[in-house]
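Positions are given from 1, in the same order as the sequence printed here.
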Amino acid sequence: MDGFKLMVAPIQGITERAFRYFHDRIYGNGSGDVVYFTPFIRMERGEVRQRDLRELTASENAGMNLIPQIIFRNVDEFITLANTVRDAGYRSLDLNMGCPFIPQVRKGRGAGLIGKTDILESIADVMRSMSDMKFSIKMRLGVESADEWRSSAGVINKMPLEHVVLHARTAVQQYRGELNYDEAKAFVSEIDHPVVFNGDIDTPEKIDYIREIFEGIGGVMIGRGLLRRPSMMAEWLSGEEWSVGRRRESVIELHDSILAHYESALTGGEKQILSKIQPIWEYFGTDFDRKYVKRILKAGNMNNYKTAVRNLSI
């Protein structure tokens, strides 16, 4: 692929260890061609959140091409989280500067860090002192304005980064509205590190489109588009578009594997399992008749849920 990278975007509550593990084996055969990221690891009441630590150290992560992601608001939080990741045996770390959710942005985390050059300068110094670690950033164009990234371009260029992932929207847009391709092109030309494009990639052909319009782009990161079409990267790598029937069969296989994991790993009963597995169908249901998907989403117990899944037309 000439250094072109395929990356799976971290999505809270969805792309956790079970999804990553089984997606990698069903669609990638453990080849390592795809890079996965953990949903962000963060501080809570002055300590690293325990559920994040469990995800970080899970046995399912072994042997995967996996990069932990952290979200922080100052140098102290960065150092604590970076050391936690390093102590867990990882040597790559991704910095979240793109989370658009208001509670995080208001506290200066995620996209709230864009433009805070004093903090970023200090972070860059710490990065350079951690010579055994590799770093990357996932960010947006800005919080309210698409040109806010420009004030931080200089310090980002001085950071020792493997790549920078750009979601070509502002934080206030969340995941809606038009992508700003013009500003994204300016970003690619101004940033010295390899840039990976993120946003609205929903077909294998869209990957080729991004490569065509962004000269020298370093890769793509796909989130919700991949959840709606989990085979997308496998299709692109093979150069073969899968039939709808084949895509449906593989989605069912992925779902069944994740469900079996939850049933064996979760101890809170079927309500806890349903709370974990049902939201996935907002994405997985794309290639199925919506009326059957609604039955899955409305199922109030495990028996009705499994019946609704079996009734999906394949």
Novice: Report yes if some heavy atom in the side chain of N96 is under 4.5 Å from a heavy atom in the side chain of M139; otherwise report no.
Specialist: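 Heavy-atom side-chain distance check fails, nothing below 4.5 Å.
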Novice: In sequence, state the C-alpha distance, the side-chain angles, and the governing distance for R91 and D132, and then conclude on salt bridge (charged side-chain N to carboxylate O under 4.0 Å, His left out).
Specialist: CA-CA 7 Å; R91 290 297 176 267; D132 60 330; 3.6 Å; yes
Novice: Under 4.0 Å between a side-chain nitrogen and a carboxylate oxygen: does that hold for E263 and K306?
Specialist: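 Looking at E263 and K306, the cut-off is met.
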Novice: Could you pull out the closest heavy-atom pair between V85 and I41, with the gap in Å?
Specialist: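 The answer is CG2-CD1, 4.2 Å.
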Novice: Check whether any side-chain heavy atom of L141 sits under 4.5 Å from a side-chain heavy atom of L166, and report yes or no.
Specialist: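 The answer is yes, as the side chains (C-beta and beyond) meet within the 4.5 Å cut-off.
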Novice: Between E183 and W149, do the side chains contain an N or O donor and an N or O acceptor separated by less than 3.5 Å?
Specialist: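 Looking only at side-chain atoms, W149 and E183 do form a donor-acceptor pair, the distance falling under 3.5 Å.
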Novice: Consider only side-chain heavy atoms of I, L, V, M, F, W and Y, link residues closer than 4.5 Å, and tell whether L312 and I277 are in one cluster.
Specialist: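 Result: yes, single cluster for both.
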Novice: Do S243 side-chain atoms and R246 backbone N/O form a donor-acceptor pair below 3.5 Å?
Specialist: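 The answer is yes, because a donor-acceptor pair under 3.5 Å joins these two groups.
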Novice: Nearest 0.5 Å please: distance from the OG atom of S231 over to the CD1 atom of I26.
Specialist: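 CD1 of I26 is found 11.5 Å from OG of S231.
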Novice: Applying a strict under-4.5 Å side-chain criterion to I, L, V, M, F, W and Y, I'd like to know whether I156 and I71 cluster together.
Specialist: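 Each belongs to a different hydrophobic cluster.
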Novice: For the atom pair CG (L266) and CD (Q272), what is the distance rounded to the nearest 0.5 Å?
Specialist: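 Between L266 CG and Q272 CD, I get 4.5 Å after rounding to 0.5 Å.
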Novice: Is it the case that over 12 heavy atoms from other parts of the model lie below 6.0 angstrom from the OH atom of Y21?
Specialist: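 No, the 6.0 Å shell around OH holds no more than 12 heavy atoms from other groups.
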Novice: Same cluster or not: are I207 and F37 linked, directly or through other Ile, Leu, Val, Met, Phe, Trp or Tyr residues, by side-chain heavy atoms under 4.5 angstrom apart?
Specialist: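 Result: no, two separate clusters.
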Novice: To the nearest 0.5 Å, what is the distance between CD1 (I14) and CG (L227)?
Specialist: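 So the CD1 of I14 and the CG of L227 are separated by 6.5 Å.
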Novice: Using 0.5 Å steps for rounding, measure from the CD1 atom of I67 to the CD atom of E162.
Specialist: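 One finds 8.0 Å between CD1 of I67 and CD of E162.
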Novice: Are any non-hydrogen side-chain atoms of I70 and R42 less than 4.5 angstrom apart?
Specialist: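 Not touching, per the 4.5 Å side-chain cut-off.
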Novice: With a sphere of 6.0 Å drawn around CD of E178, does it hold more than 12 non-hydrogen atoms of other residues, nucleotides or ligands?
Specialist: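 Counting other residues, nucleotides and ligands, CD of E178 stays at 12 neighbours or fewer.
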Novice: Would the distance check show the side chain of R248 and the main-chain N or O of D287 forming a donor-acceptor pair, the cut-off being under 3.5 Å?
Specialist: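 The answer is yes, because a donor-acceptor pair under 3.5 Å joins these two groups.
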Novice: Would Q69 and L95 satisfy side chain to side chain contact (heavy atoms under 4.5 Å, CB included), going step by step from the backbone distance to the final call?
Specialist: CA-CA 6 Å; Q69 183 185 91; L95 284 58; over 6 Å; no
Novice: Counting the benzene-type ring for Trp, do Y262 and H255 have ring centres under 6.0 Å apart?
Specialist: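 Y262 vs H255: aromatic centres not under 6.0 Å.
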Novice: As a quick check of understanding, evaluate side chain to side chain contact (heavy atoms under 4.5 Å, CB included) for I123 and F72, giving each step before the final call.
Specialist: CA-CA 11 Å; I123 296 296; F72 56 94; 3.9 Å; yes
Novice: Would the number of heavy atoms belonging to other residues, nucleotides or ligands and lying under 6.0 Å from CD of E144 be above 12?
Specialist: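 Atom CD in E144 is not crowded, with 12 or fewer foreign heavy atoms closer than 6.0 Å.
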Novice: Verify whether one side chain among S250 and R247 offers a donor that lies under 3.5 Å from an acceptor in the other.
Specialist: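 Side-chain D/A pair, S250 to R247: absent.
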Novice: For residues 102-116, which side-chain donor-acceptor pairs fall under 3.5 Å, sequence neighbours excluded?
Specialist:
{"unit_1": "R109", "atom_1": "NE", "unit_2": "E77", "atom_2": "OE1", "d": "3.2"}
{"unit_1": "R109", "atom_1": "NH2", "unit_2": "E77", "atom_2": "OE2", "d": "2.8"}

Novice: Output yes when a side-chain donor or acceptor of N311 lies under 3.5 Å from a complementary backbone atom of T307, and no otherwise.
Specialist: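 Yes: the side chain of N311 pairs with the backbone of T307.
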Novice: Between R20 and N61, is any side-chain donor less than 3.5 angstrom from a side-chain acceptor?
Specialist: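 Indeed, the side chains of R20 and N61 share at least one donor-acceptor pair under 3.5 Å.
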Novice: Are Y175 and M7 connected in the hydrophobic side-chain network, where two residues link if heavy atoms are under 4.5 Å apart?
Specialist: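 No.
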Novice: Looking at every heavy atom in both L226 and I222, which two are closest together, and how far apart are they?
Specialist: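 Looking at all heavy atoms of both residues, the shortest contact is N-CG2, 3.4 Å.
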Novice: Looking at M159, is its backbone amide N or carbonyl O close enough to the side chain of H193 to form a donor-acceptor pair, meaning the two atoms are under 3.5 Å apart?
Specialist: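 Here the side-chain-to-backbone pair exists.
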Novice: A side-chain contact here means heavy atoms from C-beta on lying under 4.5 Å apart; do V164 and P194 qualify?
Specialist: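 Counting from C-beta outward, V164 and P194 never come under 4.5 Å.
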Novice: Treating E235 as the side-chain partner and E241 as the backbone partner, does any N or O pair qualify as donor plus acceptor under 3.5 Å?
Specialist: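 Judged by distance alone, no pair lies under 3.5 Å.
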Novice: Decide yes or no on side chain to side chain contact (heavy atoms under 4.5 Å, CB included) for R228 and D202, but give the supporting numbers first.
Specialist: CA-CA 8 Å; R228 295 186 179 99; D202 50 14; over 6 Å; no
Novice: What heavy-atom pair brings P68 and T38 nearest, and what distance separates the two atoms?
Specialist: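 Answer, listing the atom of P68 first, then T38: CA-OG1, 3.3 Å.
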Novice: Side chains of I252 and L254: does their closest heavy-atom pair fall under 4.5 Å?
Specialist: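 No, every pair of side-chain atoms sits at 4.5 Å or beyond.
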Novice: Is there a side-chain contact between T84 and L56 in this structure, where contact means two heavy atoms from C-beta onward sitting under 4.5 Å apart?
Specialist: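 The answer is yes, as the side chains (C-beta and beyond) meet within the 4.5 Å cut-off.
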Novice: Closest approach of I11 and G223, non-hydrogen atoms and distance?
Specialist: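 Looking at all heavy atoms of both residues, the closest pair is CD1-C, 3.7 Å.
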Novice: Report yes or no: is the cationic atom of R25 (NZ for Lys, CZ for Arg) under 6.0 Å from the centre of the six-membered ring of Y36, at an angle within 45° of the ring normal?
Specialist: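 Not flagged: R25 not positioned over aromatic ring of Y36.
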Novice: Under the criterion side chain to side chain donor-acceptor pair (under 3.5 Å), which of R224, H167, R169, K206 is the partner of D200?
Specialist: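 For D200, the side chain to side chain donor-acceptor pair (under 3.5 Å) test succeeds with only one of R224, H167, R169, K206, which is R169.
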Novice: Keeping R140 on the side-chain end and G98 on the backbone end, is there a donor-acceptor pair under 3.5 Å?
Specialist: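 Yes; at least one donor-acceptor contact below 3.5 Å.
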Novice: Mind listing the closest non-hydrogen atom pair of Q174 and P100 along with its distance?
Specialist: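 In this case the closest contact between Q174 and P100 is NE2-O, 3.1 Å.
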Novice: Distance from K271 atom NZ to I273 atom CD1, nearest 0.5 Å?
Specialist: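 The distance works out to 13.0 Å.
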Novice: Drop me the distance from Y27's OH to F22's CZ, to the nearest 0.5 angstrom.
Specialist: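 The OH atom of Y27 sits 13.0 Å away from the CZ atom of F22.
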Novice: For L237 and D33, work out which heavy atoms get closest and say how close.
Specialist: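 In this case the closest contact between L237 and D33 is CD1-CB, 4.0 Å.
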Novice: What I want to find out is whether K185 reaches E215 closely enough, with some N-O distance under 4.0 Å, to be called a salt bridge.
Specialist: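 Not counted as a salt bridge, because no side-chain N and carboxylate O are separated by less than 4.0 Å.
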Novice: Between W281 and Y292, is any side-chain donor less than 3.5 angstrom from a side-chain acceptor?
Specialist: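 Y292 and W281 do not have a side-chain donor-acceptor pair below 3.5 Å.
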Novice: Say whether, by atom type as modelled, one donor and one acceptor occur between the side chain of N198 and the main chain of M221 under 3.5 angstrom.
Specialist: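 Present.
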Novice: Is there a side-chain contact between M130 and N83, using heavy atoms and a 4.5 Å cut-off?
Specialist: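 In contact.
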Novice: As a quick check of understanding, evaluate salt bridge (charged side-chain N to carboxylate O under 4.0 Å, His left out) for D125 and R128, giving each step before the final call.
Specialist: CA-CA 5 Å; D125 290 339; R128 285 188 284 269; 2.6 Å; yes
Novice: Consider only side-chain heavy atoms of I, L, V, M, F, W and Y, link residues closer than 4.5 Å, and tell whether I258 and V251 are in one cluster.
Specialist: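 In one cluster with I258: V251, yes.
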Novice: Sub-3.5 Å donor-acceptor pair from the side chain of H23 to the main-chain atoms of G28, do we have one?
Specialist: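 Not confirmed, H23 side chain does not pair with G28 backbone.
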Novice: Assess R86 against Y90: is NZ or CZ under 6.0 Å from the centre of the six-membered ring, and within 45 degrees of the ring's axis?
Specialist: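 Cation-pi check for R86 and Y90: fails.
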Novice: Flag the pair I217 / V188 as yes when at least one side-chain heavy-atom distance between them is below 4.5 Å, and no otherwise.
Specialist: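 Yes - at least one pair of side-chain heavy atoms lies under 4.5 Å apart.
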Novice: Verify, without hydrogens or angle tests, whether E148 (side chain) and V143 (backbone) share a donor-acceptor contact under 3.5 angstrom.
Specialist: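 Checking the backbone N and O of V143 against the side chain of E148, a donor-acceptor pair under 3.5 Å is found.
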Novice: Is R211 reaching over with its side chain to a backbone N or O of V220, donor-acceptor style, under 3.5 angstrom?
Specialist: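 Absent.
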Novice: Between E16 and R51, is the closest basic N to carboxylate O distance under 4.0 Å?
Specialist: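 Between E16 and R51 there is a salt bridge, with a charged N closer than 4.0 Å to a carboxylate O.
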